[in-house]
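If you read the sequence from its start, that first residue is 1, and numbering goes on from there.
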Amino acid sequence: MALNVVDTITHEGFNDLHSLHVVGDFLMIVSARSGYLFRRDLRTGEMTVQVQFDPRAWVCDALCTANDIWLLKHNVPYLDPAAQGGGIFSVRERRAIMDGLSGPHNIIPYRDGYVMLDSANAQVMFFVPGGARRTVIPRGAIVSGKDTL
């Protein structure tokens, strides 16, 4: 309750905002229903469209890696017809790098890979791109330290 509003961001392309991430001096904003990943420069306030996608893909999260942007989608076949269900779409590679999920979101780097929720399947997934996947079915999870979930 002690936080103060420092800025209000509006844009005609905002429709069902799902994800906010700070990457360096930029705020990345996913607008699921309008099909945009916006990038707002926190120094200048300039807003640009970083990625535009088919809204039917239902992108609910984005992760900026060192050399790519991953979009977590509930319907990845709208951007990669070879994929099934939900998954992760690589903007750089223009293809799904993981599919067969249901309601994926909240991806974070973890140890030597990543962890994310596969919501509709009620599980947490640990994975290394191009490598092993491991899932657990938790009652709850939180990152409480560098190596602790």
Tell me every residue that passes salt bridge (charged side-chain N to carboxylate O under 4.0 Å, His left out) with Arg40, counting only those two or more places apart in sequence or in another chain.
Asp7
Scanning both residues in full, the closest heavy-atom pair of Gly13 with Ser34 reads O-OG, 2.5 Å
Can you list the residues that meet the side-chain contact (heavy atoms from CB on, under 4.5 Å) rule with Pro109, with sequence neighbours excluded?
Leu63, Tyr114
Linking I/L/V/M/F/W/Y whenever their side-chain heavy atoms sit closer than 4.5 Å, directly or via other members, would Leu17 and Met47 fall into one cluster?
yes
Inter- and intrachain pairs under salt bridge (Lys or Arg N to Asp or Glu O under 4.0 Å), touching residues 125-135, at least two apart:
none
Applying side-chain hydrogen bond (donor to acceptor under 3.5 Å, both in side chains) as the test, list every pair that has at least one member in residues 73-84; sequence neighbours left out.
none
For residues Phe126 and Ile107: do they belong to one hydrophobic cluster (side chain heavy atoms under 4.5 Å, members Ile, Leu, Val, Met, Phe, Trp, Tyr)?
no
Determine the minimum heavy-atom distance between Gly87 and Pro104, stating which atoms define it.
N-CG, 3.7 Å
Tell me the closest heavy-atom pair linking Gly85 and Pro77, and the distance in Å.
O-CD, 3.3 Å
Here the salt bridge (Lys or Arg N to Asp or Glu O under 4.0 Å) pairs for residues 81-90, sequence neighbours left out, are none
Candidate pair Leu101 and Met125, rule side-chain contact (heavy atoms from CB on, under 4.5 Å), full reasoning
CA-CA 10 Å; Leu101 307 177; Met125 177 175 290; 3.4 Å; yes
Heavy-atom distance under 4.5 Å between the side chains of Leu71 and Val51, does that happen here?
yes
Check side-chain hydrogen bond (donor to acceptor under 3.5 Å, both in side chains) between Arg92 and all other residues, then give those that pass, not counting sequence neighbours.
none
Side-chain atoms of residues 20-28: list all donor-acceptor pairs with protein atoms under 3.5 Å, sequence neighbours left out, distances to 0.1 Å.
from  : atom 1 : to    : atom 2 : distance (Å)
His21 : NE2    : Ser19 : OG     : 3.0
His21 : NE2    : Asp61 : OD1    : 2.8
His21 : NE2    : Ala62 : O      : 3.3
Asp25 : OD2    : Arg43 : NE     : 3.4

Hydrophobic cluster identity match, Ile88 and Tyr110, side-chain contacts under 4.5 Å:
no
Not counting sequence neighbours, list each pair that qualifies as a salt bridge (Lys or Arg N to Asp or Glu O under 4.0 Å) and has a residue in residues 11-20.
Asp16-Arg33
ILVMFWY cluster, Met98 and Leu72 together (side-chain gap under 4.5 Å)
yes
Would you say Phe89 and Val30 are hydrophobically clustered, going by side-chain heavy atoms of ILVMFWY under 4.5 Å?
yes
Do any N or O atoms from the side chain of Thr135 and from the backbone of Gln123 form a donor-acceptor pair under 3.5 angstrom?
no
Between the main-chain N or O of Thr44 and the side-chain N or O of Asp41, is there a donor-acceptor pair closer than 3.5 Å?
yes
Please, which pairs that meet side-chain hydrogen bond (donor to acceptor under 3.5 Å, both in side chains) have at least one residue in residues 95-109, sequence neighbours excluded?
Glu93-Arg95, His105-Ser119
Test of understanding: with side-chain contact (heavy atoms from CB on, under 4.5 Å), list the residues that count as partners of Thr48, not counting sequence neighbours.
Arg39, Glu46
Determine whether Leu37 and Ile29 satisfy the following criterion, side-chain contact (heavy atoms from CB on, under 4.5 Å), listing intermediate values before the conclusion.
CA-CA 6 Å; Leu37 172 62; Ile29 305 166; 5.8 Å; no
Point-to-point distance, once rounded to the nearest 0.5 Å, from CE of Met116 to CZ of Phe127
5.0 Å
ring-ring contact (aromatic ring centres under 6.0 Å, His included) pairs touching residues 28-53, sequence neighbours excluded, are His11-Phe38, Phe14-Phe38, Tyr36-Phe38
How long is the straight-line distance from CG of Leu79 back to OG of Ser90, given to the nearest 0.5 Å?
11.5 Å
Partners of Asp68 by salt bridge (charged side-chain N to carboxylate O under 4.0 Å, His left out), sequence neighbours excluded?
none
